[in-house]
Amino acid sequence: MDTDLSPSFWLASLGPVTRRDPLPGDTTADVAIVGGGCTGLWTAYYLAVAAPHLRIVVLEAEYCGYGASGRNGGWCSGLFPVPYERLARRYGADRADAMTQALADAVDEVGRVAAAEGIDCDYAKGGTVSLARTPAQLRRAEASPDFIDADKAAAICGATHVLGGTYSPHCAALHPAKLVRGLARAVERRGVTIHEATRVRRIERGRVGTEHGTVRAPTVVRALEGYTAALPGHRRTLAPVYSLMVATAPLDAATWERIGLARRETFTDERHLIVYGQRTADDRLAFGGRGAPYHFGSRVRAGYDRDPAVFAALRRTITEMFGIDAPIEHAWGGPLGIPRDWMPSAGLHEGVAWSGGYVGDGVAASNLGGRTLADLITGDLTVRTTLPWVGHRSRPWEPEPLRWLGINAALRATAVRDAWERR
């Protein structure tokens with residue numbers, strides 16, 4: 001497989017990176033944001049809009065978008081990892097409905113801000129289809145209020161063995177690296193200072209310790225998602241689990257006529273071990289999935305971004321789903337953050353704010369998280385500050401080796417279950 005070695009196809013397509021200056025030394029701010037991905041930048045953006053007098057500093061270890069924000073599948077979706085029924089049982093139907101609506105609205109809000117700020121991120125709101133391709137998958141799809149029959153599902157996405165599926169309009173395909181890079185420029189235009197190549201060593205109330213100096217600020221925002229475990233005291237807060245992707249060479253018009261996705265709908269199927277894909281603006285098939293192992297001690301290393309066995313499995317899945325043997329030009333991966341109960345959260349407590357644990361559905365959720373944190377920091381009580389995820393605290397993951405054994409056993413069992421269903 002002849003593939004590039006860049007952090008992602010999305011980042012590679014934007015050319016070489018010129019890092020912003022690192023933190024020059026000790027400084028002060030009103031708000032210090034740790035993490036230059038979507039969560040940190042959306043928080044900075046809405047804070048700068050609501051309170052332009054605030055001194056806001058963003059600290060990023062590499063460069064804006066280096067992590068999941070520049071490597072994800074490009075799904076800007078209203079999906080939430082906790083099922084609606086569980087939210088309704090715990091918080092009531094009204095608050096569950098509010099959470100669902102807020103995420104759906106976030107999909108449109110991302111598109112609105114991108115247009116307003118001149119961020120050309122290939123945004124296309126075509127919705128998302130989840131195909132049912134085995135009898136077991138069909139039974140799951142039929143239980144959903146969004147069920148569509150085989151003809152409708154196949155008309156959206158011409159995969160093999162389509163028996164039905166579900167469709168939601170609340171999803172847009174986009175180029176994630178274009179979004180996060182454009183957002184970084186937008187916050188700088190509004191007076192926010194971004195320091196890249198500045199690794200944070202410790203977060204405490206009122207201060208952030210970095211390799212280049214200390215930032216003192218009455219409010220500190222933790223926006224590190226899959227990299228959270230590297231912070232002292234947060235080893236068990238979020239488990240960094242890897243998701244990997246491949247991108248084909250551009251496909252010809254005849255192939256796309258057969259595959260469909262004419263409105264650039266994102267797609268998946270009803271298997272348990274998640275896969276996800278989109279038709280890019282330049283007519284590639286970008287396709288990803290879970291299955292890479294969790295690494296002992298919640299370690300995150302650049303070498304873990306690439307797993308030849310997972311890349312080969314993704315290529316086989318593309319061939320099996322679409323009957324094509326398209327050349328793979330790019331392969332990459334990266335960590336996402338998973339809380340112990342799979343419940344994302346946002347909040348502010350004793351001067352430290354956070355948003356994350358999106359379980360891979362963070363493009364729209366990070367926008368909602370950024371707006372929510374801006375409300376909490378400025379003291380503006382809104383509908384967002386009463387949503388079920390605000391102030392939620394997931395219990396910590398188990399200590400090692402139980403964490404390593406449990407997560408990898410679950411990944412293995414999920415793959416076995418899918419294989420059994422296919423047979």
Side-chain angles (χ1 to χ4, degrees), residues 23-61 64 67 187 190-195 198-238 337 339 343-358 362 365-396:
L23 182 71
D26 294 348
T27 189
T28 60
D30 295 306
V31 181
I33 298 174
V34 181
C38 284
T39 298
L41 294 174
W42 281 126
T43 303
Y45 179 82
Y46 289 108
L47 275 174
V49 169
H53 63 281
L54 291 177
R55 295 167 299 162
I56 303 167
V57 173
V58 176
L59 305 169
E60 165 57 43
C64 289
V187 302
R190 292 180 178 273
V192 174
T193 301
I194 300 175
H195 292 297
T198 302
R199 189 169 301 278
V200 169
R201 302 299 190 190
R202 183 177 295 274
I203 291 177
E204 299 172 348
R205 185 178 180 180
R207 66 190 298 273
V208 178
T210 83
E211 58 190 349
H212 299 303
T214 298
V215 179
R216 299 187 180 278
T219 302
V220 176
V221 177
R222 172 170 56 81
L224 291 173
E225 193 56 358
Y227 297 88
T228 301
L231 283 177
H234 289 280
R235 181 73 69 184
R236 296 163 58 192
T237 301
L238 296 174
M343 175 75 172
S345 64
L348 172 63
H349 180 68
E350 295 184 346
V352 178
W354 75 92
S355 180
Y358 307 124
S366 62
N367 172 274
L368 177 60
R371 283 182 287 151
T372 302
L373 294 189
D375 291 344
L376 292 171
I377 291 167
T378 60
D380 186 11
L381 300 181
T382 66
V383 171
R384 288 185 290 272
T385 61
T386 66
L387 292 173
W389 72 336
V390 175
H392 174 77
R393 296 280 193 172
S394 302
R395 70 183 179 91

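The shown structure was predicted, so the numbers you read here are calculated from the model rather than taken from an experiment.
- Distance check, rounded to the nearest 0.5 Å: NE2 of His53 to CG of Leu47 gives 9.5 Å.
- His195 has its side chain within reach of Pro24: a pair of non-hydrogen atoms, C-beta onward, lies under 4.5 Å apart.
- The minimum heavy-atom distance between Thr214 and Leu23, with the atom names listed, is N-CD2, 4.5 Å.
- Rounding to the nearest 0.5 Å places CG of Leu238 at 9.5 Å from CG of Leu224.
- Between the CD1 atom of Ile377 and the CG atom of Leu54 there is a distance of 8.5 Å, given to the nearest 0.5 Å.
- Glu211 places no side-chain N or O within donor-acceptor distance of the main-chain N or O of Val200, the cut-off being under 3.5 Å.
- Using a 4.5 Å cut-off on side-chain heavy atoms (C-beta onward), Val390 and Leu376 make contact.
- For Leu368 against Arg384, the heavy-atom pair with the smallest separation is CD1-CD, 3.8 Å.
- Aromatic ring pairs are classed by plane angle as parallel below 30°, tilted from 30° to 60° and perpendicular above 60°; the pair Tyr45 and Trp42 is perpendicular.
- Between Ile194 and Cys64, the shortest heavy-atom distance links the atoms CG2-SG, 3.8 Å.
- Shown here is Arg201, whose CZ atom has more than 12 heavy atoms of other residues, nucleotides or ligands within 6.0 Å.
- A heavy-atom distance below 4.5 Å is not found between the side chains of Val57 and Val208.
- For the pair Ser366 (side chain) and Cys38 (backbone), a donor-acceptor distance under 3.5 Å is absent.
- Of all the heavy atoms in Ile56 and Ala48, the pair that sits closest is CD1-N, 3.9 Å.
- When side chains are defined from C-beta on, Val187 does not count as touching Val58, because their heavy atoms never get closer than 4.5 Å.
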**Message:** Is there a side-chain contact (heavy atoms from CB on, under 4.5 Å) between His234 and Ile203? Walk through the geometry before answering.
**Reply:** CA-CA 10 Å; His234 289 280; Ile203 291 177; 5.9 Å; no

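- The line from OG1 of Thr210 to CD of Glu60 is 12.5 Å long, rounded to the nearest 0.5 Å.
- With rounding to the nearest 0.5 Å, the separation of CG in Leu373 from OG1 in Thr378 is 10.5 Å.
- Across all their heavy atoms, Pro218 and Ala29 have their closest contact at CD-O, 3.3 Å.
- No hydrogens or angles considered: a donor-acceptor pair under 3.5 Å links the side chains of Tyr46 and Asn367.
- Side-chain atoms of Glu350 never come within 3.5 Å of backbone atoms of Arg205 as a donor-acceptor pair (strictly under, hydrogens ignored).
- Between the side chains of Thr385 and Asp375, not a single donor N or O lies within less than 3.5 Å of an accepting N or O.
- Each salt bridge (Lys or Arg N to Asp or Glu O under 4.0 Å) pair with one or both residues in residues 29-42, not counting sequence neighbours, appears once here: Asp30-Arg55.
- Glu204 CD to Arg216 CZ: the interatomic distance, rounded to the nearest 0.5 Å, is 9.0 Å.
- A 4.5 Å side-chain heavy-atom check between Thr228 and Trp354 finds every atom pair outside the cut-off.
- Of all heavy-atom pairs between Pro344 and Trp389, the closest is O-CB, 3.4 Å.
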